[in-house]
There are 2 protein chains.
Amino acid sequence: MSKHAKEMGVLKDHLGKHQLKFTRQRELILDAFLKQEHITAEEMYHQLARKDPHLGLATIYRTLNLFCEAGLAQARHFGTQTQYDNISHKGHHDHLICTGCGKIVEFENCDIERLQEEVASRNGFTIQTHRLELYGLCSRCRH
Amino acid sequence: MSKHAKEMGVLKDHLGKHQLKFTRQRELILDAFLKQEHITAEEMYHQLARKDPHLGLATIYRTLNLFCEAGLAQARHFGTQTQYDNISHKGHHDHLICTGCGKIVEFENCDIERLQEEVASRNGFTIQTHRLELYGLCSRCRH
DNA sequence: TCATTTTTGATACGGCTTATCAATTTCAAC
DNA sequence: GTTGAAATTGATAAGCCGTATCAAAAATGA
Ligand SMILES: [Mn+2]
Ligand SMILES: [Mn+2]
Ligand SMILES: [Zn+2]
Ligand SMILES: [Zn+2]
């Protein structure tokens, strides 16, 4: 049984339901993706260049977006490039980002979430999504 | 005494401190900018085309970025284009954004801010900036 | 195997913003 | 008010990141 059997199953389910095909590239990219917490398309392109030098960047983008549709990934626009967040085994969370070294720390805080709902309803809004990112220096970079 | 004398003073101070010059374009753009809460460079370009058809888009971008450095504006990346937020007479705030009509509502919530600090320090971070955006439907768009 | 449909990879394109650079304007010193 | 160094402007090229295009290749299932 492969290391990522469960997620591979999620992907195959999604493919089956949408008349999409299971390809060598999709398998390769999923395997690499699941080893990461956050990764950009470009980073993955360079990583995978060793395993398959002919894998195109467009395929990486297409496939990571496919993972988003399948619920395995989520696109996050932190800096200039899109980070694909591996949410296969995680619920909702927000991020702390170090402006020094780029380190990303995940966190959840129900109190903040609840206050967000309060702010929204006070203004007559119904929240669909939100983004909360805290930018600053990690302990290592502060010194 | 002009309507925007105070902000014009802030701009002139900044110019003086940085060996920059006071130009007709900068005055024109500041006047238009201060009448808005949030505006994109493109929107301002079209608005000002009537007053000065030769005003270039690059000048608008440059000048809005200058206002950011002078502390009069703040760039916010809500959607595809950058919104320049008029903060000349406002403190820090976050935003509710309607995904239906694009309406933007500003809010402040010290409790959220305090919890953010807690999360950060618990993780060894010192916050420099943050972004909090709540996306959803306003009361009008919900019905 | 065969036929149909989807996918892939190379690359052109597009939206938004900044860089480039010659011509113009500002402004402080005469 | 002239002058001249320095900054600014406007037109447009370039850059970045991601998507669209399309012919060739691969996958599916009858
Ligand atoms: Mn994450
Ligand atoms: Mn605002
Ligand atoms: Zn760091
Ligand atoms: Zn609305």
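Chain naming here is simple, since letters A, B, ... match the order of the sequence lines and numbering starts at 1 in each.
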Visitor: Establish, with yes or no, whether the OP1 or OP2 oxygen of D:dC17 is under 4.0 angstrom from a side-chain nitrogen or oxygen of A:Thr82.
Guide: no
Visitor: I'd like to know whether NE2 of A:His92 has more than 12 heavy-atom contacts from other residues, nucleotides or ligands below 6.0 angstrom.
Guide: yes
Visitor: Assign A:Leu57 to base, sugar-phosphate, or nothing according to its heavy-atom contacts below 4.0 angstrom with the strands shown.
Guide: nothing
Visitor: Could you check how far CG of A:Leu64 sits from P of D:dG18, rounded to whole Å?
Guide: 10 Å
Visitor: Side chain of A:Arg62, base of C:dG9: donor and acceptor closer than 3.5 Å?
Guide: yes
Visitor: Below 4.0 angstrom, N of the basic side chain to O of the carboxylate: do B:Arg24 and B:Asp52 qualify?
Guide: yes
Visitor: Taking OP1 and OP2 of D:dG18, is either one under 4.0 Å from a side-chain nitrogen or oxygen of A:Asn65?
Guide: no
Visitor: Do we see a donor-acceptor contact under 3.5 Å between the side chains of A:Thr63 and A:Gln25?
Guide: no
Visitor: Which residue, B:Tyr84 or A:His54, contacts DNA chain C at a nucleotide closer to its 5' end, judged by nearest heavy atom?
Guide: A:His54
Visitor: To the nearest Å, give me how far apart CZ (B:Phe78) and C1' (C:dG15) are.
Guide: 19 Å
Visitor: Of the residues in residues 16-39 of chain B, which ones touch DNA chain C at a heavy-atom distance under 4.0 Å?
Guide: B:Lys21, B:Phe22
Visitor: Taking only Lys NZ, Arg NE, NH1 and NH2, and the carboxylate oxygens of Asp or Glu, determine whether A:Asp85 and A:Lys90 approach each other closer than 4.0 Å.
Guide: yes
Visitor: Could you state the CD-P distance from A:Gln81 to C:dT17, rounded to the nearest angstrom?
Guide: 17 Å
Visitor: Between atom CG in A:Leu55 and atom P in C:dT7, what is the gap in whole Å?
Guide: 15 Å
Visitor: Whole angstroms only, please: what is the NE2-P distance between B:His77 and D:dG18?
Guide: 15 Å
Visitor: Measure the CZ-OG1 distance between A:Arg142 and B:Thr126 for me, rounded to the nearest 0.5 Å.
Guide: 3.0 Å
Visitor: Can you tell me the distance, in whole Å, between the CG atom of B:Leu11 and the P atom of C:dT26?
Guide: 15 Å
Visitor: Enter the distance from B:Arg26:CZ to B:Met8:CE here, rounded to the nearest 0.5 Å.
Guide: 12.5 Å
Visitor: Do the two ring centres, one from A:His77 and one from B:His77, sit under 6.0 Å apart?
Guide: no
Visitor: Starting from C1' on C:dT25, measure out to CG on B:Leu15 and report it in whole angstrom.
Guide: 15 Å
Visitor: Nearest-Å distance, CG (A:Leu48) to C1' (C:dT8)?
Guide: 15 Å
Visitor: Is the phosphate of C:dT17 approached by B:Tyr61 (side-chain N or O, under 4.0 Å from OP1 or OP2)?
Guide: yes
